[in-house]
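Some notes on the structure that comes next.
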Amino acid sequence: QWMLRITAYGDRLLKDLDMLAWPDSLKEMQRNWIGRSIGAEVDFEIDVPKLPDEQDQPIVTVFTTRPDTLYGATYMVLAPEHPLVDRITSPEHKAQVDAYRQQVARKSDRDRLADSKQKTGVFTGGHAVNPANDQKIPIYIADYVMMGYGTGAIMAVPAHDQRDYDFAKAFGLPINVVVAPVSHLTSPISDLNSLIAQHAFEEEGVAVNSDEINGLPTAQAKEEMAVLLDAEGVGHRSVKFKLRDWLFSRQRYWGEPFPIVLDEKGNAFSLQDDELPLMLPEIEDFKPTGTPEPPLTKAKDWLKYERDGRSFKRETNTMPQWAGSCWYYLRYIDPTNETAFIDKAKEAYWMPVDLYVGGVEHAVLHLLYARFWHKVLFDLDHVSTPEPFQRLVNQGLILGEMEYHVFHAPDGTVVTASEARDIAEEATPDGLRLCAISTKTAQRLEGKRVSEEEIEKTANGFRLKADPNIRVDARSFKMSKSRGNVVNPDSIVAEYGADTFRLYEMYMGPLEAQKPWNTRDIVGMSRFLNSVWRNLVGGEEQTTGTSRMGSVALPEAIERQLHRTIKKVGQDIEAMSFNTAIAELIKLNNELTGLESVPQYLGETFALLLAPLAPHIAEEIWHRLGHEGSLARIPWPSYDPAKLVDTDMELPVQVNGRLRDKITVPADSDEAAVLAAAEAATNVKPWLAGKAIVKRIYVAGKLVNIVVK
RNA sequence: GCCCUCAUGGCGGAAUGGCAGACGCUACGGACUUAAAAUCCGUUGACCGAAAGGUCGUGUGGGUUCGAAUCCCACUGGGGGCACCA
């Protein structure tokens, strides 16, 4: 089995997130996944007889983020798999301990989770010594402590950790308060046990009942305790990660083979450069063996390897799918290179990836693994950047069409959705069904679909028209075959064309947002493109060229709109705000409708602006306008800032922040002229009459606000 | 339980401190047509009003500001992630 030591990169994977232009939510998911915790490791001596060859008393090391609560540690818990369990367990407890360990081993992770409310465990019969106060405390094993995190052992502080609290209550163990709220310093709490009457006191505060750190606030108490432990040689500051090392072996045929050979003792050696790349052997039967042996063990000839007269055996595990996705973006830069995975000059030119558009489902696996590989390659000086993906955007999922459900009780009565909890999809013989639990009767409720016509929206959500007391559940679901709500793009393309389909998807809303599909809305984009064609090319009888280009001068307002459109579409595409870019093009096109003819330069500019969004029709228009070749090679149009502005401007006038009138003034008016015009406006005057003007606010080119009293 | 994120018309959304609802869909009215489709023109947040105009309005309650969908605090609801991580 091969593992990749990703934990060695935990700190850098965390820290370097700061330099990436990624969505904050996604960075946060990676931070949580890496799960860095600062705390201390503390050694507890175990109260067992020393073995003949042991110098010191054996110890169990625990990890805690709250070293300040050491005085409150009243027992210790080891993960059932902890290697010292056998040593600690006393003969009279052995049977119980073994039974519990077997029981845990049988439990799946899911069961372990489901039982998390009810703590289980057994006493080992052994004791440890709390290094703070030299008290002997009992050692338990319990499945709420996991071998995979920290040291696989904890000091239990039931007064200040809810899980320990639950366990202590269940097993009748002492609960000692060692932290009190800060207010305790000024107005002491007479009975500290009242803090923990219901549950653990997990907040920060000040240390109490803790000798040398008494009175210190939690942050300082943690520091001080770490120093004390260090001085005593029984502990030190420590950082732990939730992130685990990465099991990198698979027992499958399809996967990259490891370029590793093993000698008869099992020592691993890597292949020489001139033996790479290592290819999978061609074999007849590549199905799994049904045993732990990987399928590659069946390739008997391939397995044998000799170097310098010594015989080796090839590694037969293969790499997981991730192996490819961790570096494909590098190989794409130089895919035919026979001597290296990438040419250094090409790598330096192209990397890092400027923009990565992908789904949020890759937030913690692919995107973390790829960053890890990249950092390893960076450290080995194969790539020039510490991070592979500079900017990342998560496109939102397109959901199925909106669906409305009412819930039915088992007896058939209709139940309002307000009464339903744990609404979820369940698989039934007739496909996926929406199900819920009644908050009143705890009965199972079944959802039945109702049509849009049967419901109405009210202030209190969607209601059934027939009975407004019934709230209807409204949501759109992930498209899935089993739900039967999948929209096949092929049929949309067949009916409306690829350009319309693309435009519709972009026009639905912001790229990052989850959006419900609505087939009804597609026709809008189809009408838009048809209208563009009519305005720039002409009627259907036209088979080549266009009948719409003419020499009639463009009205000034449309000229202005043209320049605004060039500016806005450019900016919006840059910002990946495709929906608003399309809206601006629609606006310009609407202005063209009804014009006798359109100047050639406008037609050409429109085709260029449309090209990134609806390339097929844009290219066709480009050709009809008399050009050869693709407009993908034509420079993006530029706008004239002088043509963006009107000679007049319309300004809203507010009185006390409320819109009262609009005035039209020359665009170059100074503040005094604007304010004078504003105060003279017909619908403003009555609001000023008999009042004193306190303040006049003019936001240049935007609005006027007059404050009166 | 913890963390993140979102909430705007009948629907998708626009506006990130300055005219709320751009643009599209739907619906309604009109033009063209023998008719339909397509197309074109208009209306479409709620309430009051004949009109001019007014009042209310961006999940709820408070705050900051001349001015808040936008910033701050609390809450409610939806979506996502993690979940006995000591």
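The sequence lines fix the lettering, A, B, ..., with proteins before strands; numbering per chain opens at 1. Worth saying up front: this structure is predicted, and the values here are computed from it rather than measured.
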Ion pair A:Arg31/A:Asp24, N-O distance below 4.0 Å: no
Looking at B:rA14, B:rC11, B:rG24, which one has an atom nearest to any side-chain atom of A:Asn590? B:rG24
Is the number of heavy atoms from other residues, nucleotides or ligands under 6.0 Å of A:His199 NE2 greater than 12? no
Side-chain-base donor-acceptor pair under 3.5 Å for A:Lys662 and B:rC19: yes
Using a 4.0 Å heavy-atom cut-off across all strands, classify A:Arg31 as base, sugar-phosphate, or nothing. nothing
Say you pick atom C1' in B:rU5 and the same atom in B:rG10; how far apart are they, in whole Å? 27 Å
A:Gln514 side-chain proximity, nearest of B:rG79, B:rG12, B:rA22: B:rG79
Could you note down all residue pairs passing salt bridge (charged side-chain N to carboxylate O under 4.0 Å, His left out) where residues 34-43 of chain A supplies at least one of them, sequence neighbours left out? A:Asp11-A:Arg36, A:Glu41-A:Lys240
Any donor-acceptor N/O pair under 3.5 Å between B:rC82 base and A:Lys242 side chain: no
Looking at the side chain of A:Met146, which of B:rC23, B:rC84, B:rU26 is the nearest nucleotide? B:rC84
Ranking B:rG24, B:rC4, B:rG13 by distance to the side chain of A:Ser25, first place goes to B:rC4
Under a 4.0 Å heavy-atom cut-off, which of residues 701-709 of chain A touch RNA chain B? A:Lys702, A:Leu703, A:Asn705, A:Val707
Say you pick atom P in B:rC82 and the same atom in B:rG12; how far apart are they, in whole Å? 28 Å
If we take the P atom in both B:rG24 and B:rA14, what is their distance in whole Å? 15 Å
Base, sugar-phosphate alone, or nothing: which one does A:Arg660 contact when heavy atoms must sit under 4.0 Å apart? sugar-phosphate
With the side chain of A:Asp161 defined as its heavy atoms from C-beta on, choose the nearest nucleotide among B:rC56, B:rC84, B:rA86. B:rA86
Counting heavy atoms from C-beta on, name the nucleotide in B:rC23, B:rA86, B:rG10 closest to the side chain of A:Arg520. B:rG10
Quick check with a 6.0 Å cut-off and a 45 degree axis cone: is A:Lys119 positioned over the face of A:Tyr144's six-membered ring? yes
So which nucleotide from B:rG13, B:rC84, B:rA86 ends up closest to the side chain of A:Asp143? B:rC84
Nearest-angstrom distance, P atom, B:rG67 to B:rG30: 47 Å
Are more than 12 heavy atoms from other residues, nucleotides or ligands located less than 6.0 Å from atom CD of A:Glu361? yes
